[in-house]
Amino acid sequence: NLDAIDGVILGGSFASVADNHEWQRRISGWLSRWRETGKPMMGICGGHQLMTTMLGGLVERSPHGPEVGSLPVTRTAAGREHFLFDGFDDNSCFFFGNFDRVIEVPEGTTILGTRPNLPAAALDHGGNWVSVQFHPETTCDRMATCWAELDPAQGARYNFIPGCEGMIRNYIQGNGLV
């Protein structure tokens, strides 16, 4: 019952959108129905990529290898004015841990933030939809734990970031969900 939901945050996955799993196809179908409601959506990491591809953008495996660590995001002019980045500046870091990246944004989408190997690290898709390649919802120890089996040395690339969870608050407040 989509009428009973005010807003959604779609998290990430260890799967690539290129895997085209059945569950990814089902989520994409649900996203299409949700888009029609005009209600807010925030995608994080794999959610960012799934939303982007569902809307017509393009995601690829990064030729530079995974983007890992507590890293800054360079805000575009639009990003500096966007509610999602309220309280953040160009020195603000976020947790990254991704193999894939958005390389082509859907029509009508505005790029809010970039990194040297990520041309679309934060997006406003219009219609109350935003998405980010990074993880404002988690902690450095959780990210390091995620890498423990894949590549333990990568876990050392994370450090504590006070306040990065404020982006979730910005999404909620910026869409009037409080």
Side-chain angles (χ1 to χ4, degrees), residues 2 5-62 66-71 73 75 79 82-85 88 93-115 117-139 142-143 145-147 150 158 161 164-175 177:
L2 299 182
I5 304 168
D6 294 324
V8 174
I9 296 176
L10 178 60
S13 167
F14 287 102
S16 168
V17 293
D19 293 340
N20 198 28
H21 292 293
E22 173 61 28
W23 60 266
Q24 291 169 315
R25 290 190 297 275
R26 286 195 311 266
I27 290 173
S28 289
W30 186 89
L31 286 172
S32 293
R33 292 188 302 281
W34 184 254
R35 183 74 165 167
E36 293 172 7
T37 70
K39 293 181 182 180
M41 164 73 78
M42 180 179 191
I44 296 173
C45 195
H48 167 73
Q49 296 166 6
L50 196 58
M51 287 168 65
T52 297
T53 56
M54 189 279 296
L55 292 170
L58 185 60
V59 173
E60 73 170 10
R61 188 71 137 189
S62 176
E67 192 84 3
V68 178
S70 302
L71 305 167
V73 172
R75 297 170 304 153
H82 199 277
F83 69 83
L84 201 59
F85 281 99
F88 297 100
C93 290
F94 297 93
F95 303 117
F96 286 84
N98 53 282
F99 290 91
D100 294 344
R101 66 186 187 156
V102 173
I103 59 166
E104 185 178 307
V105 300
E107 186 176 329
T109 293
T110 302
I111 297 173
L112 303 176
T114 66
R115 283 210 29 83
N117 295 322
L118 299 173
L123 302 172
D124 184 328
H125 300 281
N128 302 314
W129 277 31
V130 295
S131 63
V132 296
Q133 184 58 72
F134 46 88
H135 291 273
E137 84 289 2
T138 193
T139 61
R142 179 67 186 127
M143 293 300 292
T145 300
C146 289
W147 282 94
L150 292 174
Y158 295 101
I161 304 172
C164 78
E165 73 283 353
M167 185 164 281
I168 302 297
R169 180 187 59 247
N170 290 350
Y171 160 73
I172 292 168
Q173 290 177 344
N175 284 291
L177 297 173

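Computed over heavy atoms, backbone and side chain alike; hydrogens, waters and symmetry mates excluded.
Take Arg35 and apply the side-chain contact (heavy atoms from CB on, under 4.5 Å) test, not counting sequence neighbours, and it matches Leu55, His125, Trp129. Taking Phe96 as the reference, Phe134 meet the ring-ring contact (aromatic ring centres under 6.0 Å, His included) condition, with sequence neighbours excluded. Not a single ring-ring contact (aromatic ring centres under 6.0 Å, His included) links Phe14 to another residue, sequence neighbours left out. Take Glu67 and apply the salt bridge (charged side-chain N to carboxylate O under 4.0 Å, His left out) test, not counting sequence neighbours, and it matches Arg115. Evaluation of the salt bridge (charged side-chain N to carboxylate O under 4.0 Å, His left out) rule for Arg33 yields no partner, not counting sequence neighbours. Applying the side-chain contact (heavy atoms from CB on, under 4.5 Å) criterion to Ile172, with sequence neighbours excluded, gives Ile168, Leu177, Val178. Considering only residues two or more places apart in sequence or on other chains, Arg142 meets the side-chain contact (heavy atoms from CB on, under 4.5 Å) condition with Thr138, Thr139, Thr145, Cys146. Applying the side-chain hydrogen bond (donor to acceptor under 3.5 Å, both in side chains) criterion to Arg26, with sequence neighbours excluded, gives no partner residue. With sequence neighbours excluded, no residue satisfies side-chain hydrogen bond (donor to acceptor under 3.5 Å, both in side chains) with Thr110. The side-chain hydrogen bond (donor to acceptor under 3.5 Å, both in side chains) search around Glu107 returns none, not counting sequence neighbours.
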Side chain to side chain contact (heavy atoms under 4.5 Å, CB included) between Met167 and Leu84, worked out: CA-CA 6 Å; Met167 185 164 281; Leu84 201 59; 3.8 Å; yes
Side chain to side chain contact (heavy atoms under 4.5 Å, CB included) assessment of Leu31 paired with Leu10: CA-CA 10 Å; Leu31 286 172; Leu10 178 60; 4.0 Å; yes
Glu36 vs Leu2, side chain to side chain contact (heavy atoms under 4.5 Å, CB included): CA-CA, chis, key distance, verdict: CA-CA 10 Å; Glu36 293 172 7; Leu2 299 182; over 6 Å; no
Intermediate values then yes/no, side chain to side chain contact (heavy atoms under 4.5 Å, CB included), Leu123 and Ile111: CA-CA 5 Å; Leu123 302 172; Ile111 297 173; 3.7 Å; yes
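Note that CG of Asn175 and CG of Asn170 are 10.5 Å apart. Values are rounded to the nearest 0.5 Å. Note that the CG atom of Asn98 and the CG atom of Leu118 stand 5.5 Å from one another [nearest 0.5 Å]. Atoms OG1 and CG, from Thr109 and Asp124 in turn, are 7.5 Å apart once rounded to the nearest 0.5 Å. Expressed to the nearest 0.5 Å, how far CG of Asn128 lies from NZ of Lys39 amounts to 11.5 Å. Taken to the nearest 0.5 Å, the CD1 atom of Ile103 stands 13.0 Å off from the CG atom of Asn117.
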Considering only distance and modelled atom types, tabulate donor-acceptor pairs under 3.5 Å from the side chains of residues 42-51, sequence neighbours left out.
from	atom 1	to	atom 2	distance (Å)
His48	ND1	Ser131	OG	2.7
His48	ND1	Val132	N	3.4
His48	NE2	Ala120	O	3.0
Gln49	NE2	Asp100	O	3.2
Gln49	NE2	Gln133	OE1	2.9

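A side-chain donor-acceptor contact under 3.5 Å links Tyr171 to the backbone of Pro40. Judged by distance alone, with hydrogens and angles left aside, the side-chain atoms of Arg25 form a donor-acceptor pair with the main-chain N or O of Asn20 at under 3.5 Å. Remark: side-chain polar atoms of His21 are not paired, donor with acceptor, to backbone N or O of Trp23 under 3.5 angstrom. In terms of modelled atom types and a separation under 3.5 Å, the side chain of Trp34 and the main chain of Gly7 share no donor-acceptor contact.
Judged as a salt bridge (Lys or Arg N to Asp or Glu O under 4.0 Å), the pairs with a partner in residues 50-60 (not counting sequence neighbours) are, in order, Glu60-Arg101.
Pairing each heavy atom of Gln24 with each of Ala15, the nearest pair is NE2-CB, 3.9 Å. Taking each heavy atom of Gly79 and Phe85 in turn, the nearest pair found is O-CB, 3.5 Å. A pairwise comparison of heavy atoms in Cys164 and Cys93 identifies CB-O, 4.0 Å as the closest pair.
Taking the six-membered ring where the residue is Trp, Phe88 and Phe94 present tilted rings, their angle falling between 30° and 60°.
In this structure, the side chains of Thr52 and Pro106 come closer than 4.5 Å at one or more pairs of heavy atoms.
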